[in-house]
Amino acid sequence: GAVVSQHPSRVICKSGTSVKIECRSLDFQATTMFWYRQFPKQSLMLMATSNEGSKATYEQGVEKDKFLINHASLTLSTLTVTSAHPEDSSFYICSALWGGKETQYFGPGTRLLVL
Amino acid sequence: GQQVMQIPQYQHVQEGEDFTTYCNSSTTLSNIQWYKQRPGGHPVFLIQLVKSGEVKKQKRLTFQFGEAKKNSSLHITATQTTDVGTYFCAGGTGNQFYFGTGTSLTVIP
């Protein structure tokens, strides 16, 4: 159990366009999902905490209007990178919290390249 | 803000040697989790420690949580080439987790 999927796995887009990334918990319900960003050979940086049915909580320095998060159901959270620029190129990883075990399970990640 | 540091940042060992990574938090944690990330992959959950002074073992891996719940360690006995990857600790406070800086392990055959 505890499978989390992410879509797409890779995306290349032009500067100025918006990109939506989906994170799904496939076999459990997740009231809380997390979005991370990871640069090459660096640690995971928590961007925001996504709670089902309420607004996401963003970490300091993360622009909420730039990174739109929607957690519309107990199994789906989406991250939209709006008006993407080359500096937004990164590896974006979501995780879903299995509340009963306080354990987070990670999706396979999405590699975003903005040209 | 919350800071979780890990040392060393990199470690190269000969196959068969032991390896240890240390995790230190600036604040007291509710729990600590350990993850392994292979190159090009995503973090995979290894274990969670909750109790002060807790020690857990998984085959050749030994995990410890400090008495003050501010530090933790992961020890691998007799490393194998399959142990290659970056090991992250993640400190949990409430419903949030902050990842450590990671230790990249290279095992030389």
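Lettering follows sequence order; numbering is per chain, from 1.
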Can you spot which of F99(B), F88(B), F45(B) makes a ring pair (Phe, Tyr, Trp, His ring centres under 6.0 Å) with F106(A)? F99(B)
Quick one: does S43(A)'s side chain have a donor or acceptor within less than 3.5 Å of a partner on G100(B)'s backbone? yes
If you count every heavy atom of other residues, nucleotides or ligands that lies below 6.0 Å from E63(A) atom CD, does the total exceed 12? no
Honestly, the part of Q42(A) sitting under 4.5 Å from a heavy atom of chain B is backbone
Could you tell me which residues satisfy side-chain contact (heavy atoms from CB on, under 4.5 Å) with H71(A), sequence neighbours excluded, listed by chain and number? M33(A), S50(A), E52(A), S77(A)
Which residue pairs satisfy the disulfide bond (SG atoms under 2.5 Å apart) criterion with at least one member in residues 37-88 of chain A, sequence neighbours excluded? none
Linked, directly or transitively: L46(A) and V62(A) (ILVMFWY side chains, under 4.5 Å): no
V4(B) with I93(A), same ILVMFWY side-chain cluster at under 4.5 Å: yes
In Å, rounded to the nearest 0.5 Å, how long is the span from OG1 of T86(B) to CG of L44(A)? 10.0 Å
Chain A-proximal positions within residues 34-43 of chain B [heavy-atom distance under 4.5 Å]: Y35(B), Q37(B), G40(B), G41(B), H42(B), P43(B)
Taking only residues two or more places apart in sequence, or in another chain, which ones meet A84(A) in a side-chain contact (heavy atoms from CB on, under 4.5 Å)? C13(A), V81(A), D88(A), V114(A)
Let me check something: do F67(A) and F34(A) share a hydrophobic cluster, defined by ILVMFWY side-chain heavy atoms less than 4.5 Å apart, either directly or through other members? no
Joint hydrophobic cluster, L79(A) plus Y36(A), side-chain heavy atoms closer than 4.5 Å: no
